[in-house]
Number of protein chains: 2
Amino acid sequence: MPESEVLVGSAAPDEEPPMHASIYEELRRRLITGKVVPGVGLSTRGLALELGVSQMPVRDALSRLSAEGAVVIRSKRKIEVPPMTRDRFADLLDCRLLLEPVAAMAALPHIDTETLAQLRRIDADLDRAIETGDVIAYMECNSAFHFGLYRASGRTTLNRLIETLWLQFGPFMRTVYSDYGAAKLIDQHRLALDAIEVGDGEALRRAIASDIADGMGLIGHRGLESDIVT
Amino acid sequence: MPESEVLVGSAAPDEEPPMHASIYEELRRRLITGKVVPGVGLSTRGLALELGVSQMPVRDALSRLSAEGAVVIRSKRKIEVPPMTRDRFADLLDCRLLLEPVAAMAALPHIDTETLAQLRRIDADLDRAIETGDVIAYMECNSAFHFGLYRASGRTTLNRLIETLWLQFGPFMRTVYSDYGAAKLIDQHRLALDAIEVGDGEALRRAIASDIADGMGLIGHRGLESDIVT
DNA sequence: GCTTTCAAACTGTGATCGCAGGAGTCGCGA
DNA sequence: TCGCGACTCCTGCGATCACAGTTTGAAAGC
């Protein structure tokens, strides 16, 4: 099971999900890890051709993603990952700061030694991604870490909201990290891991909040030289 | 323009939206105002027949609503508004308390006398709904009031998250208010309106938080006698 | 009256097609 | 060289159909 799997699973266990669900997963992964960037145009036929399926499952997947604000269907011939603006970025950042520290605190009582060990492994992978300057790998590890932590909370509604935020900022942050240089990124998760180890909920909340404010906040604003960023 | 219109509009202005968007609006309204209740089964063909359209636009609309957690597609022959559970209810309530007071505070600087007058009119209509014991009208006015307030914030991302929460708890609260009796409901918006009048952000935040905690919190928990409610 | 089995009905899903509209490209004239 | 208009291409969307699977209801047996 990939660690950056959907934060809130919807497929019934032991069942093969419908094709549109698999395609949704694939597109979601691309968005969260920045494999698609803002301004990129998408089309149901183009994606169907690329993924070797018909239009229908792609349509269903794109309907879901549009409901989650990840893509915008502007008109005929224009589905796109919306460009980021200063206002929208600030809105996204603020929403993350409202929700994710709470999810982390709620997760704390449920994090056993196996879960903590897994988070440490993910963080070690993230460190390697920073060392090699691999932005995509960094983003994969980053989402795996956060989702692995929040999932332990069992807060399905909260986690679902969090995931829609990640769908929306992933593409933009990918371009920002690429411009910034992955080698310059800093692993902000040590404080969070330490807080988990000693069971300090308030320290965990602060660590997650500062991870978000520093990681996405400071670097993200640098990426917003003008109102529109592609 | 109906006051309980979608909190975050997506159709381009001056353009006729695609049929699936209109159907999404209609289903959204039914969920938020409780015209459909938990446990009710839906089907694409059934809704298409009722609404006089083909299956495709209904499918697209249901894909969006499923992405927003408003309906769940469990299997062949089983789309439903999920029954409420105690855990899910607590999760929803907590998320509302995290997001809506912030949206209200963010809205405050942007509320002119015309917007305040409109909110007062909506609140007067809500009072009449309480007097006549009309639960559906009460829920329509309640969402119109909150959305009218939050929309002024301009916080599109935040408002979108809030709307998905309303889609999820609307059906359940409708049954709760019906059992409770609409005539026993209390207008909790006076404090909010007063806080807006004097420009007191902190008072507005507290008023919205207590509106949510009292209105949905206390009454909602009464509706959850067991883990599963239809 | 209850349980089990089977058949029918209904469903979500995937596929395909056609339409109308918008985007993109190219050519021509100033 | 630039702008505008015409034309082409590609698209989202709506409609329809078929399939496989699930649910429902009826009938038979105990």
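Quick note on labels: first sequence line is chain A, next is B, and so on, each numbered from 1.
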Salt bridge present between Glu68(A) and Arg28(A) (N-O < 4.0 angstrom): no

Name every donor-acceptor pair, under 3.5 Å, that has one atom in a side chain of residues 37-44 of chain B and the other anywhere in the protein, sequence neighbours excluded.
residue: Ser43(B); atom: OG; partner: Gly46(B); partner atom: N; Å: 2.8

Donor-acceptor pair between Thr115(B) and Asp112(B) side chains, under 3.5 angstrom: yes

Tyr24(A) OH to dG12(C) C1', straight-line distance once rounded to whole Å: 19 Å

Partners meeting side-chain hydrogen bond (donor to acceptor under 3.5 Å, both in side chains) with Glu100(B) (sequence neighbours left out): Arg96(B), Tyr150(B), Trp166(B)

Nucleotides 12-17 of chain D: protein proximity per nucleotide (B base, S sugar-phosphate only, - neither; heavy atom, under 4.0 Å): BBBBB-

Nearest-Å distance for atom pair CG/P, residues Leu47(A) and dT11(D): 10 Å

Asp60(A) side chain to Ser63(A) side chain, donor-acceptor N/O pair below 3.5 angstrom: no

